> 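The following block contains the structure, expressed as C-alpha coordinates.
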Amino acid sequence: MKLATWNVNSLKVRLPHVLQWLAENPVDVLCLQETKLTDDKFPIAAIEMAGYQVVFSGQKTYNGVAILSKLPITDVLKNNPRFQDEQQRILSATIDGVRVVCTYVPNGQSVDSDKYHYKLGWLAALHDWLADETGTHANLAVVGDYNIAPEDRDVHDPLAWVGQVLVSDKERAALKRLTQLGLHDAFRLFEQADKSFSWWDYRQLGFQRNKGMRIDHILLSGALATRCRACVIDRAPRKWEQPSDHAPVVATIE
DNA sequence: ATGGCTCGTGTAACGAGA
(Lines give C-alpha, C1' and ligand atoms only; values in the text may rest on other atoms or scores of the structure.)
Protein backbone atom coordinates (compact mmCIF):
# COMPACT_ATOMS: atom_id res chain seq x y z
CA MET A 1 0.00 0.00 0.00
CA LYS A 2 1.15 3.50 -0.84
CA LEU A 3 -0.22 5.90 1.74
CA ALA A 4 0.07 9.67 1.43
CA THR A 5 -0.91 12.80 3.34
CA TRP A 6 -1.20 16.36 2.04
CA ASN A 7 -2.43 19.60 3.54
CA VAL A 8 -3.91 21.23 0.43
CA ASN A 9 -4.87 24.61 1.96
CA SER A 10 -8.29 24.76 0.23
CA LEU A 11 -9.43 21.86 -1.93
CA LYS A 12 -11.45 24.30 -4.03
CA VAL A 13 -8.24 25.97 -5.17
CA ARG A 14 -6.12 22.81 -5.14
CA LEU A 15 -8.41 20.22 -6.78
CA PRO A 16 -6.48 20.42 -10.08
CA HIS A 17 -3.23 19.89 -8.14
CA VAL A 18 -4.63 16.86 -6.34
CA LEU A 19 -5.86 15.32 -9.59
CA GLN A 20 -2.56 15.97 -11.36
CA TRP A 21 -0.57 14.62 -8.44
CA LEU A 22 -2.68 11.45 -8.28
CA ALA A 23 -2.29 10.96 -12.03
CA GLU A 24 1.49 11.10 -11.59
CA ASN A 25 1.51 9.33 -8.20
CA PRO A 26 -1.31 6.80 -8.12
CA VAL A 27 -1.08 6.08 -4.40
CA ASP A 28 -3.64 3.75 -2.83
CA VAL A 29 -4.68 6.16 -0.09
CA LEU A 30 -4.41 9.95 0.09
CA CYS A 31 -5.39 11.84 3.24
CA LEU A 32 -6.14 15.54 2.82
CA GLN A 33 -6.26 18.34 5.38
CA GLU A 34 -7.57 21.90 5.24
CA THR A 35 -10.13 21.16 2.55
CA LYS A 36 -12.04 24.26 3.77
CA LEU A 37 -15.26 22.98 2.20
CA THR A 38 -18.67 22.18 3.60
CA ASP A 39 -19.70 18.62 2.72
CA ASP A 40 -22.29 19.79 0.17
CA LYS A 41 -19.50 21.45 -1.85
CA PHE A 42 -17.08 18.51 -1.81
CA PRO A 43 -15.95 17.58 -5.36
CA ILE A 44 -16.99 13.92 -5.18
CA ALA A 45 -17.52 13.40 -8.94
CA ALA A 46 -14.09 14.69 -10.01
CA ILE A 47 -12.34 12.46 -7.48
CA GLU A 48 -14.40 9.39 -8.41
CA MET A 49 -13.63 10.06 -12.09
CA ALA A 50 -9.96 9.79 -11.13
CA GLY A 51 -10.60 6.29 -9.78
CA TYR A 52 -10.85 7.03 -6.07
CA GLN A 53 -13.53 6.53 -3.49
CA VAL A 54 -13.72 9.33 -0.98
CA VAL A 55 -15.04 10.16 2.48
CA PHE A 56 -14.85 13.60 4.04
CA SER A 57 -15.73 15.76 6.99
CA GLY A 58 -15.75 19.49 6.43
CA GLN A 59 -17.00 22.83 7.62
CA LYS A 60 -17.18 26.37 6.34
CA THR A 61 -13.94 28.38 5.92
CA TYR A 62 -11.59 26.37 8.14
CA ASN A 63 -10.22 22.86 8.69
CA GLY A 64 -11.83 19.90 6.91
CA VAL A 65 -10.34 16.45 6.24
CA ALA A 66 -10.83 13.76 3.60
CA ILE A 67 -9.61 10.26 2.74
CA LEU A 68 -9.29 9.16 -0.89
CA SER A 69 -8.80 5.47 -1.65
CA LYS A 70 -8.59 3.14 -4.62
CA LEU A 71 -9.79 0.28 -2.42
CA PRO A 72 -13.07 0.03 -0.50
CA ILE A 73 -13.48 2.26 2.56
CA THR A 74 -15.29 0.94 5.64
CA ASP A 75 -15.96 1.85 9.28
CA VAL A 76 -15.80 5.62 8.79
CA LEU A 77 -15.62 7.67 11.98
CA LYS A 78 -15.60 11.46 12.27
CA ASN A 79 -13.71 13.24 15.05
CA ASN A 80 -12.32 11.96 18.35
CA PRO A 81 -15.15 10.30 20.27
CA ARG A 82 -13.51 11.44 23.51
CA PHE A 83 -13.25 15.12 22.59
CA GLN A 84 -16.19 17.40 21.94
CA ASP A 85 -15.06 19.58 19.04
CA GLU A 86 -16.89 21.82 16.60
CA GLN A 87 -13.84 21.83 14.37
CA GLN A 88 -13.62 19.10 11.73
CA ARG A 89 -10.08 17.81 12.16
CA ILE A 90 -10.14 14.00 12.31
CA LEU A 91 -11.48 11.32 9.99
CA SER A 92 -10.83 7.60 10.37
CA ALA A 93 -11.52 4.67 8.07
CA THR A 94 -10.44 1.08 7.44
CA ILE A 95 -8.88 0.32 4.06
CA ASP A 96 -7.36 -3.03 3.07
CA GLY A 97 -6.93 -4.08 6.69
CA VAL A 98 -5.30 -0.80 7.73
CA ARG A 99 -6.94 1.62 10.15
CA VAL A 100 -6.20 5.06 8.72
CA VAL A 101 -6.60 8.17 10.88
CA CYS A 102 -6.42 11.44 8.92
CA THR A 103 -5.72 14.32 11.26
CA TYR A 104 -5.30 18.08 11.16
CA VAL A 105 -3.80 19.12 14.48
CA PRO A 106 -4.60 22.71 15.56
CA ASN A 107 -1.95 25.28 14.65
CA GLY A 108 -1.87 26.96 18.05
CA GLN A 109 -1.12 30.44 16.65
CA SER A 110 1.28 31.47 19.45
CA VAL A 111 2.27 29.99 22.80
CA ASP A 112 0.46 32.72 24.78
CA SER A 113 -2.86 32.32 22.95
CA ASP A 114 -6.05 30.44 23.80
CA LYS A 115 -5.52 28.51 20.57
CA TYR A 116 -2.27 27.10 22.00
CA HIS A 117 -4.09 25.75 25.05
CA TYR A 118 -6.75 24.31 22.78
CA LYS A 119 -3.98 22.62 20.79
CA LEU A 120 -2.43 21.03 23.89
CA GLY A 121 -5.81 19.84 25.19
CA TRP A 122 -6.68 18.52 21.76
CA LEU A 123 -3.40 16.59 21.60
CA ALA A 124 -3.91 15.14 25.09
CA ALA A 125 -7.36 13.90 24.05
CA LEU A 126 -5.89 12.48 20.83
CA HIS A 127 -3.34 10.58 22.91
CA ASP A 128 -5.98 9.13 25.21
CA TRP A 129 -8.13 8.01 22.29
CA LEU A 130 -5.18 6.59 20.32
CA ALA A 131 -4.08 4.66 23.42
CA ASP A 132 -7.22 2.59 22.84
CA GLU A 133 -6.94 2.55 19.06
CA THR A 134 -3.39 1.17 19.15
CA GLY A 135 -4.76 -1.74 21.18
CA THR A 136 -7.71 -2.32 18.87
CA HIS A 137 -5.94 -1.98 15.52
CA ALA A 138 -2.58 -3.70 14.99
CA ASN A 139 -2.30 -2.02 11.58
CA LEU A 140 -2.76 1.63 12.51
CA ALA A 141 -1.58 4.68 10.55
CA VAL A 142 -2.11 8.14 12.03
CA VAL A 143 -1.23 10.64 9.31
CA GLY A 144 -1.62 14.31 8.65
CA ASP A 145 -0.59 17.84 9.48
CA TYR A 146 0.60 17.70 13.09
CA ASN A 147 1.71 21.32 13.20
CA ILE A 148 4.70 20.17 15.27
CA ALA A 149 8.33 19.92 14.18
CA PRO A 150 9.58 16.96 16.26
CA GLU A 151 13.24 17.99 16.53
CA ASP A 152 15.51 20.93 15.75
CA ARG A 153 16.69 19.17 12.58
CA ASP A 154 13.11 19.52 11.34
CA VAL A 155 13.35 23.34 11.48
CA HIS A 156 15.21 25.56 8.99
CA ASP A 157 16.43 27.93 11.71
CA PRO A 158 16.04 26.34 15.16
CA LEU A 159 17.53 29.33 16.99
CA ALA A 160 14.99 31.71 15.50
CA TRP A 161 12.18 29.36 16.53
CA VAL A 162 13.18 28.52 20.12
CA GLY A 163 10.07 28.33 22.29
CA GLN A 164 7.74 29.30 19.43
CA VAL A 165 4.55 27.56 18.42
CA LEU A 166 5.19 24.39 16.33
CA VAL A 167 8.45 23.67 18.21
CA SER A 168 7.72 24.44 21.89
CA ASP A 169 8.64 21.83 24.49
CA LYS A 170 5.02 21.10 25.37
CA GLU A 171 4.06 20.46 21.76
CA ARG A 172 7.08 18.25 21.19
CA ALA A 173 6.33 16.36 24.40
CA ALA A 174 2.74 15.82 23.23
CA LEU A 175 3.99 14.38 19.94
CA LYS A 176 6.52 12.22 21.74
CA ARG A 177 3.73 10.81 23.89
CA LEU A 178 1.99 9.67 20.71
CA THR A 179 5.12 7.88 19.53
CA GLN A 180 5.41 6.28 22.97
CA LEU A 181 2.13 4.52 22.22
CA GLY A 182 4.18 2.53 19.70
CA LEU A 183 3.61 4.84 16.73
CA HIS A 184 6.73 5.34 14.62
CA ASP A 185 7.60 8.42 12.56
CA ALA A 186 7.86 6.68 9.17
CA PHE A 187 10.13 9.39 7.74
CA ARG A 188 12.80 8.68 10.36
CA LEU A 189 12.79 4.95 9.72
CA PHE A 190 15.04 5.76 6.77
CA GLU A 191 18.11 7.82 5.98
CA GLN A 192 17.03 11.25 4.79
CA ALA A 193 18.68 14.34 3.38
CA ASP A 194 19.45 17.16 5.81
CA LYS A 195 16.95 20.00 5.87
CA SER A 196 14.03 17.89 4.68
CA PHE A 197 10.83 19.85 5.19
CA SER A 198 7.13 19.44 4.35
CA TRP A 199 6.00 23.06 4.71
CA TRP A 200 7.47 26.36 3.54
CA ASP A 201 6.22 29.87 4.22
CA TYR A 202 4.60 31.58 1.24
CA ARG A 203 6.42 34.76 2.21
CA GLN A 204 10.03 35.79 1.56
CA LEU A 205 10.62 33.07 -1.06
CA GLY A 206 10.40 30.47 1.71
CA PHE A 207 10.46 27.48 -0.62
CA GLN A 208 13.20 28.79 -2.90
CA ARG A 209 15.35 29.40 0.20
CA ASN A 210 14.21 26.12 1.79
CA LYS A 211 13.04 28.02 4.87
CA GLY A 212 10.67 25.31 5.99
CA MET A 213 9.69 22.84 8.65
CA ARG A 214 8.78 19.17 8.78
CA ILE A 215 5.35 19.21 10.38
CA ASP A 216 3.42 16.68 8.29
CA HIS A 217 3.90 13.16 9.53
CA ILE A 218 3.01 9.54 8.93
CA LEU A 219 2.94 7.65 12.24
CA LEU A 220 2.80 3.86 11.92
CA SER A 221 2.07 1.13 14.44
CA GLY A 222 4.82 -1.43 14.97
CA ALA A 223 3.27 -3.94 12.59
CA LEU A 224 3.05 -1.35 9.79
CA ALA A 225 6.48 0.14 10.52
CA THR A 226 7.98 -3.33 10.04
CA ARG A 227 6.35 -3.46 6.59
CA CYS A 228 7.33 0.11 5.65
CA ARG A 229 9.89 0.22 2.83
CA ALA A 230 10.17 3.95 2.16
CA CYS A 231 8.92 7.37 3.24
CA VAL A 232 9.51 10.46 1.14
CA ILE A 233 8.41 14.07 0.92
CA ASP A 234 7.43 14.99 -2.65
CA ARG A 235 8.55 18.59 -3.18
CA ALA A 236 7.44 18.62 -6.83
CA PRO A 237 3.92 20.07 -6.38
CA ARG A 238 5.32 22.88 -4.20
CA LYS A 239 6.96 24.12 -7.42
CA TRP A 240 3.72 24.19 -9.38
CA GLU A 241 1.77 27.35 -10.03
CA GLN A 242 -0.39 28.51 -7.08
CA PRO A 243 0.81 25.69 -4.80
CA SER A 244 -0.25 24.61 -1.36
CA ASP A 245 2.33 25.67 1.22
CA HIS A 246 2.63 21.97 2.20
CA ALA A 247 4.09 19.07 0.22
CA PRO A 248 2.73 15.50 0.19
CA VAL A 249 4.40 12.85 2.35
CA VAL A 250 4.26 9.29 1.00
CA ALA A 251 4.90 5.98 2.77
CA THR A 252 5.34 2.70 0.93
CA ILE A 253 4.08 -0.26 2.95
CA GLU A 254 4.75 -3.76 1.68
C1' DA B 1 10.05 46.69 11.45
C1' DT B 2 5.63 41.21 15.10
C1' DG B 3 5.51 42.37 8.46
C1' DG B 4 6.41 39.64 4.46
C1' DC B 5 1.99 35.52 1.15
C1' DT B 6 -2.35 33.02 0.45
C1' DC B 7 -6.76 31.53 1.70
C1' DG B 8 -12.16 32.45 2.65
C1' DT B 9 -15.46 35.78 3.24
C1' DG B 10 -17.71 38.75 0.41
C1' DT B 11 -16.92 42.53 -2.57
C1' DA B 12 -13.17 45.92 1.86
C1' DA B 13 -10.25 44.78 4.70
C1' DC B 14 -9.41 41.17 8.08
C1' DG B 15 -8.68 36.77 10.60
C1' DA B 16 -6.10 32.66 10.25
C1' DG B 17 -2.55 29.86 8.87
C1' DA B 18 2.61 28.27 10.18
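Nothing here was measured: the structure is a model prediction, and the numbers come from that model. Sequence lines set the chain letters: A, B, ... in the order given, protein chains first and strands last, and positions in each chain run from 1.
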> Take atom C1' in B:dA12 and the same atom in B:dC7, then report the distance between them in whole Å.
16 Å
> Taking atom P in both B:dA1 and B:dT6, what distance in whole Å separates the two?
26 Å
> Among A:Lys36, A:His246, A:Glu34, which one satisfies side-chain hydrogen bond (donor to acceptor under 3.5 Å, both in side chains) with A:Asn9?
A:Lys36
> So if I take every side-chain heavy atom of A:Asn107 and compare against B:dC7, B:dT6, B:dA18, which nucleotide ends up nearest?
B:dA18
> Does A:Gln164 reach a base, just sugar-phosphate, or nothing at all? Heavy atoms under 4.0 Å.
nothing
> For A:Ile215 and A:Gln204, find the nucleotide of DNA chain B closest to each by heavy atoms; which residue's nucleotide sits nearer the 5' end?
A:Gln204
> What's the gap between B:dC5 and B:dT11 when it is taken at their P atoms, as a whole Å value?
25 Å
> Would you say B:dT6 has OP1 or OP2 under 4.0 Å from some side-chain N or O of A:Asn9?
no
> With heavy atoms under 4.0 Å as the rule, sort A:Asp145 into base, sugar-phosphate or nothing.
sugar-phosphate
> Would you tell me if any nitrogen or oxygen in the side chain of A:Asn147 comes within less than 4.0 Å of OP1 or OP2 on B:dA18?
yes
> So, OP1 or OP2 of B:dC7: does either fall under 4.0 Å of a side-chain N or O from A:Gln242?
yes
> Just checking A:Tyr104: base, sugar-phosphate only, or nothing, at a heavy-atom cut-off of under 4.0 Å?
sugar-phosphate
> Report the nucleotide, chosen from B:dC7, B:dG4, B:dA18, that has the shortest atom-to-atom distance to any side-chain atom of A:His246.
B:dA18
> Side chain of A:Lys12 only, heavy atoms from C-beta on: which candidate in B:dC5, B:dG8, B:dA18 is closest?
B:dG8
> So, applying side-chain hydrogen bond (donor to acceptor under 3.5 Å, both in side chains) with A:Asp154, which one of A:Lys195, A:His217, A:Arg188 is it?
A:Arg188
> OP1 or OP2 of B:dC7 sitting under 4.0 Å from any side-chain N/O of A:Arg14?
yes
> Start with the C-alpha distance between A:Leu32 and A:Leu11, add both sets of side-chain angles, then the distance that settles side chain to side chain contact (heavy atoms under 4.5 Å, CB included), and finish with yes or no.
CA-CA 9 Å; A:Leu32 302 179; A:Leu11 185 56; 4.0 Å; yes
> How far, in whole Å, is B:dG4 from B:dA13 if one measures between their P atoms?
15 Å
> Do the side-chain N and O atoms of A:Trp21 and A:Asp234 include a donor-acceptor pair separated by under 3.5 angstrom?
yes
> B:dA16, OP1 or OP2 - any side-chain N/O from A:Lys115 closer than 4.0 Å?
yes
> Would you tell me if any nitrogen or oxygen in the side chain of A:Asn63 comes within less than 4.0 Å of OP1 or OP2 on B:dA16?
no
> Go through the side-chain N and O atoms of A:Ser168 and A:Tyr116 and say whether any donor and acceptor fall under 3.5 Å apart.
yes
> Would you indicate what A:Val13 reaches in the nucleic acid, counting non-hydrogen atoms under 4.0 angstrom: base, sugar-phosphate, or nothing?
sugar-phosphate
> With C1' as the reference atom in both, quote the distance from B:dG8 to B:dT2 in angstrom, rounded to an integer.
23 Å
> Is A:Asp201 side chain donor-acceptor paired with the B:dA18 base, going by distance under 3.5 Å alone?
no
